[in-house]
Amino acid sequence: MSESSDCIFCKIARGEIPSVKVYEDEHTLTFMDVRPASPGHALVISKAHAANLLEMTEVDLQAVTLTVQRVARAVQKALAPDGIRISQFNGAAAGQTVFHYHVHVIPVQEGQHTGSHGRSSADPQQLALLAAQIRAALGS
Ligand code: 5GP
Ligand code: ZN
């Protein structure tokens, strides 16, 4: 399936609902998570709709994986976290809440409890600032 009319991440990919974008190429889109687990938490999605890892085409999976590495390197450069958690969930039982394939890129600081899901919505200005910092590191 290439897209789904009522899927929130398809709507973000089509620009029908807003997101704070970090990076975009032919097959992937990266934007800031609205409920970040930590400052700098980004989501990498395939532009084509696939519910989860099991449904991904090889081309889209390769593209997302390469973007995840690119974005993680930029997060490291821009924010200098102690570590970066990469997480991805398949099925509600595993913790998936949005059923469009996506990978979390989460900066982690030593000594801070950081899960994969945040509890509250981020300040939009803060999200925009973090996205700009990551974008600048992508380009350099
Ligand atoms: P998962 O499905 O892997 O459990 O997590 C989905 C993630 O998407 C959550 O971290 C949640 O905060 C994020 N999310 C849900 N809806 C939106 C949205 O409309 N915009 C953005 N930027 N993030 C979203
Ligand atoms: Zn979708």
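Counting starts at 1 for both ligands and their atoms, following the listed order.
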> How about R135 and Y23: does a side-chain donor come under 3.5 Å of a side-chain acceptor?
Replying inline: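 There is no such pair (donor and acceptor under 3.5 Å, judged by atom type) between the side chains of R135 and Y23.
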
Taking distance alone, with no angle check, do [X] and ligand 1 share an N/O pair under 3.5 Å?
{"X": "F9", "result": "no"}
{"X": "H104", "result": "yes"}
{"X": "F31", "result": "no"}
{"X": "T97", "result": "yes"}

>> With rounding to 10 degrees, what does the angle C7:SG / the Zn ion (ligand 2) / H100:ND1 come to?
In response: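 Answer comes to 100°, rounded to 10°.
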
I need the atoms of ligand 1 closer than 4.0 Å to a non-hydrogen atom of [X], numbered in the order shown.
{"X": "F89", "value": "3 (O), 4 (O)"}
{"X": "L43", "value": "8 (O), 13 (C), 23 (N)"}
{"X": "R35", "value": "12 (O)"}
{"X": "G95", "value": "4 (O)"}
{"X": "Q96", "value": "2 (O), 4 (O)"}

> Does ligand 1 have a heavy atom under 4.0 Å from the side chain of Q88, from its backbone, from both, or from neither?
Replying inline: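 Neither; no heavy atom under 4.0 Å.
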
>> Checking contacts here: is it the side chain or the backbone of F99 that comes within 4.0 Å of ligand 1, counting heavy atoms only? Could be both or neither.
In response: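 Neither part.
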
> Under 6.0 Å from the CD atom of E26, do we count more than 12 heavy atoms belonging to anything else shown?
Replying inline: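 Not buried by this count: 12 neighbours or fewer within 6.0 Å.
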
Checking a contact table here: which protein heavy atom is nearest [atom], and how many Å away?
{"atom": "atom 4 (O) of ligand 1", "result": "H117 NE2, 2.5 Å"}
{"atom": "atom 18 (C) of ligand 1", "result": "V34 CG2, 3.9 Å"}
{"atom": "atom 15 (C) of ligand 1", "result": "V98 CG2, 3.8 Å"}
{"atom": "atom 7 (C) of ligand 1", "result": "D33 OD2, 3.6 Å"}
{"atom": "atom 1 (P) of ligand 1", "result": "H102 NE2, 3.1 Å"}
{"atom": "atom 19 (O) of ligand 1", "result": "I8 CD1, 3.5 Å"}
{"atom": "atom 22 (N) of ligand 1", "result": "M32 O, 2.9 Å"}

> At the 4.0 Å heavy-atom cut-off, does I12 count as touching ligand 1?
Replying inline: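 Distance cut 4.0 Å: I12 passes for ligand 1.
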
Could you grab the distance from atom [atom1] of [X] to atom [atom2] of [Y], nearest 0.5 Å is fine?
{"X": "F9", "Y": "S46", "atom1": "CZ", "atom2": "OG", "answer": "10.5 Å"}
{"X": "H27", "Y": "D25", "atom1": "NE2", "atom2": "CG", "answer": "7.5 Å"}
{"X": "S38", "Y": "H113", "atom1": "OG", "atom2": "NE2", "answer": "11.5 Å"}
{"X": "H100", "Y": "K11", "atom1": "NE2", "atom2": "NZ", "answer": "13.0 Å"}

> In chain order, what residues pass the side chain to side chain donor-acceptor pair (under 3.5 Å) check against K77, with sequence neighbours excluded?
Replying inline: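 K77 satisfies side chain to side chain donor-acceptor pair (under 3.5 Å) with S140 once adjacent residues are dropped.
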
>> Is there a side-chain contact between P107 and L79 in this structure, where contact means two heavy atoms from C-beta onward sitting under 4.5 Å apart?
In response: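 P107 reaches L79 side chain to side chain.
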
>> Looking only at N, O or S atoms in H49, which is nearest to the Zn ion (ligand 2)?
In response: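 The closest N, O or S atom of H49 to the Zn ion (ligand 2) is ND1.
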
> Are Q88 and H104 close enough, and set up right, to give a side chain to side chain contact (heavy atoms under 4.5 Å, CB included), and what steps lead you there?
Replying inline: CA-CA 6 Å; Q88 191 272 316; H104 299 256; 5.7 Å; no

> Using links of under 4.5 Å between side-chain heavy atoms of ILVMFWY residues, direct or through other members, which residues join F99 in one cluster?
Replying inline: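 Members other than F99 - counting any ILVMFWY side chain reachable under 4.5 Å - there are none.
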
> Stepwise, does the ring pair (Phe, Tyr, Trp, His ring centres under 6.0 Å) test hold for F89 with H117?
Replying inline: CA-CA 11 Å; F89 306 100; H117 294 103; 5.1 Å; yes

>> My understanding is that only one of I12, I8, I45 makes a side chain to side chain contact (heavy atoms under 4.5 Å, CB included) with V98; could you say which?
In response: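 Among I12, I8, I45, the one that satisfies the side chain to side chain contact (heavy atoms under 4.5 Å, CB included) with V98 is I8.
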
> Would you say N52's side chain and N90's backbone share a donor-acceptor pair under 3.5 angstrom?
Replying inline: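 Checking the backbone N and O of N90 against the side chain of N52, no donor-acceptor pair under 3.5 Å is found.
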
